[in-house]
Amino acid sequence: MWTGSGWDSAAVIQAGANGDRAWCGAGRTAELSFAVPECNSLGLSLVGGGTLQDAFEAVEQGAAETLIVLENDLYRRAERAAVDRCLDRARHVVVIDHLLHETARNAEIVLPAGAFTEAEGTLVSNEGRAQRFFQLLVPEGDIQGSWRWLRDLLGASDRDPGWTTLDHMTAACANALPTLAAIPQAAPGADVRANVAKIPLETHLSSCRPRIHPPVPV
């Protein structure tokens with residue numbers, strides 16, 4: 001049996017538990033699985049931090065001047081009036097995303113992030129498993145992974161050149177957050193080689209190669 005938190009309703013979760021209990025009471029074997037609303041909802045909850053309302057209040061009180069929105073449309077998360085007030089009050093609004101949505105249209109700067117096929121990272125499944133995904137397509141122009149944009153915004157120095165590979169970023173997350181300490185073990189590092197070459201994401205005779213690198217119309 002499946003249930004989840006997409007409706008943000010304790011009653012829906014309780015209904016799933018009641019159904020599972022009734023099934024077991026009838027002498028049947030039953031299992032209950034909880035789905036999360038989005039692909040990395042559980043990973044975000046493990047990171048912790050404040051709420052969206054906390055961010056709104058920080059901007060309203062002048063404690064924060066710059067608002068960085070990472071792959072999200074605030075108008076889907078809060079009431080329109082509250083979002084409008086926050087965006088108007090913030091001195092700078094920066095959006096990092098691969099979609100052009102209403103929040104991005106109201107931003108001062110929009111940085112083009114790679115979609116999941118154009119970047120690499122780690123997701124935490126609804127079972128709490130760290131799952132690595134790798135870049136398949138090479139984006140054009142200035143598009144790059146969101147974590148690379150955050151790296152560029154933070155800046156680098158001669159002493160600390162910053163994150164140059166996914167391994168660096170993953171290790172930084174693992175060191176900063178005990179709940180994510182195991183994510184470097186989700187997949188081999190960038191230095192792993194098979195027959196002196198990187199592990200390919202597809203076979204050499206892959207039939208979909210023309211679709212990955214389509215011809216450019218003249």
Side-chain angles (χ1 to χ4, degrees), residues 35-47 66-77 92-126 129-156 161-174 176-177 180 182-194 197-218:
V36 291
E38 295 171 88
C39 61
N40 215 8
S41 296
L42 185 57
L44 181 61
S45 68
L46 292 175
V47 170
T66 300
L67 186 66
I68 299 177
V69 183
L70 180 61
E71 297 190 30
N72 238 303
D73 183 5
L74 298 183
Y75 287 97
R76 295 182 57 194
R77 311 297 179 183
H92 304 290
V93 179
V94 180
V95 170
I96 304 175
D97 212 321
H98 60 277
L99 297 174
L100 182 59
H101 41 65
E102 192 168 359
T103 302
R105 291 189 178 94
N106 287 282
E108 178 183 1
I109 298 175
V110 179
L111 301 175
F116 72 95
T117 55
E118 300 170 324
E120 63 283 305
T122 306
L123 298 175
V124 179
S125 72
N126 64 309
R129 300 175 185 271
Q131 299 177 333
R132 188 70 41 79
F133 63 93
F134 298 95
Q135 179 178 339
L136 177 63
L137 305 179
V138 179
E140 298 180 356
D142 296 327
I143 298 174
Q144 62 179 358
S146 295
W147 69 266
R148 295 183 184 274
W149 280 121
L150 292 174
R151 173 203 61 189
D152 295 344
L153 290 174
L154 290 173
W163 307 327
T164 58
T165 69
L166 179 65
D167 291 350
H168 296 151
M169 188 273 294
T170 303
C173 292
L177 300 165
L180 300 181
I183 62 172
Q185 303 172 25
D191 57 345
V192 171
R193 297 291 184 271
K198 288 186 176 181
I199 300 175
L201 298 180
E202 61 178 358
T203 65
H204 294 294
L205 299 178
S206 173
S207 61
C208 64
R209 188 178 300 275
R211 296 295 300 275
I212 296 177
H213 300 286
V216 179
V218 178

Query raised in the report: For the residue pair Tyr75 and Thr103, what are the closest heavy atoms and their distance?
Result: CD1-OG1, 3.5 Å

Report summary line: Nearest heavy-atom approach of His101 to Val95 is CE1-CG1, 4.1 Å

Query raised in the report: Are any non-hydrogen side-chain atoms of Cys39 and Phe116 less than 4.5 angstrom apart?
Result: no

Report task. Indicate the atoms forming the closest heavy-atom contact of Ala113 with His98, along with that distance. Result -> O-CB, 3.1 Å

Query raised in the report: Do Glu118 side-chain atoms and Ala115 backbone N/O form a donor-acceptor pair below 3.5 Å?
Result: yes

Query raised in the report: Can you tell me how far the OG1 atom of Thr122 sits from the CH2 atom of Trp147, to the nearest 0.5 Å?
Result: 11.0 Å

Query raised in the report: side chain to side chain contact (heavy atoms under 4.5 Å, CB included) between Arg148 and Glu120: does it pass, once the steps are laid out?
Result: CA-CA 10 Å; Arg148 295 183 184 274; Glu120 63 283 305; 3.7 Å; yes

Requested in this report: Show your working on side chain to side chain contact (heavy atoms under 4.5 Å, CB included) between Leu42 and Asn126 and close with a plain yes or no.
Outcome: CA-CA 6 Å; Leu42 185 57; Asn126 64 309; 5.5 Å; no

Query raised in the report: So with a 6.0 Å cut-off around CD of Glu108, is the heavy-atom count from everything else above 12?
Result: yes

Requested in this report: Mark yes or no for whether Arg151, through its side chain, and Trp163, through its backbone, hold a donor-acceptor pair below 3.5 Å.
Outcome: yes

**Report entry** Spatial distance of atom CG (Leu44) from atom CG (Leu123) [nearest 0.5 Å]
**Finding:** 12.0 Å

Report summary line: Minimal heavy-atom distance between Gly114 and Ala119, with the atoms involved, is O-CB, 4.4 Å

Query raised in the report: Got a donor-acceptor contact below 3.5 angstrom from the Asp167 side chain to the Gly189 backbone?
Result: no

Query raised in the report: Going through the distances and angles, do Glu102 and Arg77 end up as a salt bridge (charged side-chain N to carboxylate O under 4.0 Å, His left out)?
Result: CA-CA 12 Å; Glu102 192 168 359; Arg77 311 297 179 183; over 6 Å; no

Query raised in the report: For the residue pair Gly121 and Arg132, what are the closest heavy atoms and their distance?
Result: O-CD, 2.9 Å

**Report entry** Atom of Ala187, atom of Phe134 and distance for their closest heavy-atom approach
**Finding:** CB-CZ, 3.9 Å

Report task. Answer yes or no: is there a side-chain heavy-atom contact under 4.5 Å between Leu46 and Leu180? Result -> yes

Query raised in the report: From Leu99 CG over to Asn72 CG, what is the distance, rounded to the nearest 0.5 angstrom?
Result: 10.5 Å

Report task. Would you mind reporting whether Ile96 and Val69 have side-chain heavy atoms less than 4.5 Å apart? Result -> no

